[in-house]
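Everything on this sheet refers to the single structure shown next.
Note that these values count all heavy atoms, side chains included, but never hydrogens, waters or copies made by symmetry. Only a predicted model underlies this, so the values are computations on that prediction, with no experimental measurement involved. Note that ligands are numbered from 1 as they come in the structure, with each ligand's atoms numbered from 1 the same way.
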Amino acid sequence: MGEAPAFFADSLMGDFPKKVDSKSKGNERAIVVGSKIYVIDGVDHELGSTIGVRIFDKSSGEWRIPIVLGAKPKPSKDYSAVLLNDDRVLVVRGNSGSSECFWFLEVGTPFVRQHEKTLGNEVVAWSKGVLGNVEKPIVISGPSGVGKGTLISKLMKDFPSMFGFSVSHTTRAPRAKEQNGIHYHFTDRNVMEREVKDGKFLEFASVHGNLYGTSVEAVEVVADAGKRCMLDIDVQGARSVRASALEAIFIFISPPSFEELEKRLRARATETEEQIQKRLRNARAELEQGKSSGLFDHILVNDDLETCYEKLKNTLCLREAAKSAPKTIPESFNLSIEHPVSKIDQKLLINCGAAEHENASNNTYILDLSLLKGGAPGRTRGLNIYAINPLTDDVNGNNQLNLTSRFD
Ligand SMILES: Nc1nc2c(ncn2[C@@H]2O[C@H](COP(=O)(O)OP(=O)(O)O)[C@@H](O)[C@H]2O)c(=O)[nH]1
Ligand SMILES: Nc1ncnc2c1ncn2[C@@H]1O[C@H](COP(=O)(O)OP(=O)(O)O)[C@@H](O)[C@H]1O
């Protein structure tokens, strides 16, 4: 395991002073969590391409190399590291756009603990911090032919900047007008089974004899685009999502009658007679489960399409004006050279050093972490950032006259 870097020879072997949970020297940041010191190295000397992490165990006096899960940040000479809630470290990288600026290193979250048990090793996990609040994803379930796809298409057409579709993976063959990567990611059973084992899927299920699944990435790319994610998945999938860390709204679409369902399925003319029979058999079980399980927050009957669509919009609290709702989060947010970070409650004060221009007097920012959501293996969301004038504003940015810009 290599020698302790010189920086730690004197400081880490002894105890950190009480009430101090981090130290830094050169490119290294040391964060104390209980009896462990997590050392983050802005330049990874072994791997070179990502920020490195190792652990010093104060009780045994030994260094350990953890298994590092998640997509890792690129190395940075200019960064800060702050411990949050004793289970994750926020890393703020300087000189980077908003999408590469904020990273979380989870050191004691339930996700990390669970993987430590499975892997029998120390584990840490990175997740990228994403600015802004993304509303809860919407899970839409219901039997084949009930009109889920039709309703989702209408919503996406009417509110293109608001909703994005989670493109599932499936082993079923594409229908005539279906495009790979748009309607589904069409894949082979072997490939999909391996990816399920690798933990790439949020949920998966065998439906009508084929595998279907929602990858973690499918949901994340929609949220990364600042849109609300819509999932068209079966009842088993809905149950898995309900049990996962993803907080969602669950809507079940029901037909006015079984006969009408059969009529729609036949009129769509996309399945063979055998497949139609299979879908109708499964529909009976799905209708029973959907209506009785308490799994769904809302059950909507799709009798007349326009009426059902109006009910769906009401359920999602959509008004006409919302169609053109402006984005409130900036496309890019650049931290400059120095940015000492200090903690005030759930708010972090980030000081980016002296302003370069006279007009840019404001380069102190508040990063509000009170609404954090998610985490590894996906993204950590709900970060809000706004600029304050440290001479006149409080941490809530109160004193509008002196607020040069506000992003929240
Ligand atoms: N669990 C799960 N079900 C899915 C997923 N994608 C689609 N489904 C469900 O699979 C079923 C069959 O979908 P599809 O073959 O497109 O037929 P359709 O529903 O008749 O249009 C539907 O109930 C979908 O909601 C997924 O990623 N996970
Ligand atoms: N309310 C409705 N009344 C009549 N036909 C409908 C209604 N909703 C959807 N359809 C039609 O029923 C068929 C199945 O709808 P689809 O959206 O493909 O269902 P699903 O995605 O649930 O399998 C399509 O041909 C669609 O045009």
Contact with ligand 1 for Gly149, non-hydrogen, under 4.0 angstrom
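Judged by the 4.0 Å heavy-atom criterion, Gly149 does not count as contacting ligand 1.
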
Could you tell me whether ligand 1 has any atom less than 4.0 Å away from a heavy atom of His208?
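Under 4.0 Å: yes for His208.
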
Could you tell me which atoms of ligand 2, counted from 1 in the order shown, lie closer than 4.0 angstrom to a heavy atom of Asp303?
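Matching atoms, with element in brackets: 1 (N), 2 (C), 3 (N).
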
If the threshold is 4.0 Å, N to carboxylate O, is there a salt bridge linking [X] and [Y]?
X	Y	answer
Arg266	Glu262	yes
Lys311	Asp304	no
Glu220	Lys128	no

Test of proximity, Phe204 against ligand 1: N or O pairs below 3.5 Å:
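Checking ligand 1 against Phe204, no N or O pair falls under 3.5 Å apart.
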
Identify the protein heavy atom lying closest to [atom], giving its residue, its atom name and the separation to 0.1 Å.
atom	result
atom 25 (O) of ligand 1	Asp232 OD1, 2.6 Å
atom 14 (P) of ligand 1	Tyr184 OH, 3.4 Å
atom 9 (C) of ligand 1	Asp234 N, 3.7 Å
atom 19 (O) of ligand 2	Gly147 N, 3.1 Å
atom 3 (N) of ligand 2	Arg264 NH2, 3.3 Å

Less than 3.5 Å between some nitrogen or oxygen of Asn302 and one of ligand 2, yes or no?
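There is such a contact, yes.
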
Any nitrogen or oxygen of Thr150, main chain or side chain, under 3.5 Å from a nitrogen or oxygen of ligand 2?
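Among all N and O atoms of Thr150, at least one is under 3.5 Å from an N or O of ligand 2.
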
Need the ligand 1 atom indices (1-based, order shown) with element for anything under 4.0 Å from a heavy-atom of Lys148.
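Reading through ligand 1 atom by atom, the close ones are 19 (O), 25 (O).
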
Within ligand 1, which atoms have a heavy atom of Gly237 less than 4.0 Å away?
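In order of number, 1 (N).
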
Please work out, at 4.0 Å between heavy atoms, whether the side chain, the backbone, both, or neither of Cys308 comes within that distance of ligand 2.
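Looking at Cys308 and ligand 2, no heavy atom falls under 4.0 Å.
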
Would Ser76 and Asp78 count as having a side-chain donor-acceptor pair, cut-off 3.5 Å?
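No, because no side-chain N or O of Ser76 sits under 3.5 Å from a partner of the opposite role on Asp78.
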
I'd like to know whether ligand 2 has Ser144 as a neighbour, heavy-atom separation below 4.0 Å.
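Per 4.0 Å heavy-atom rule, Ser144 contacts ligand 2.
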
Which is closest to atom 21 (O) of ligand 1 in terms of heavy atoms, Glu203, His169, Arg268, His185?
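Heavy atom nearest to atom 21 (O) of ligand 1 belongs to Arg268.
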
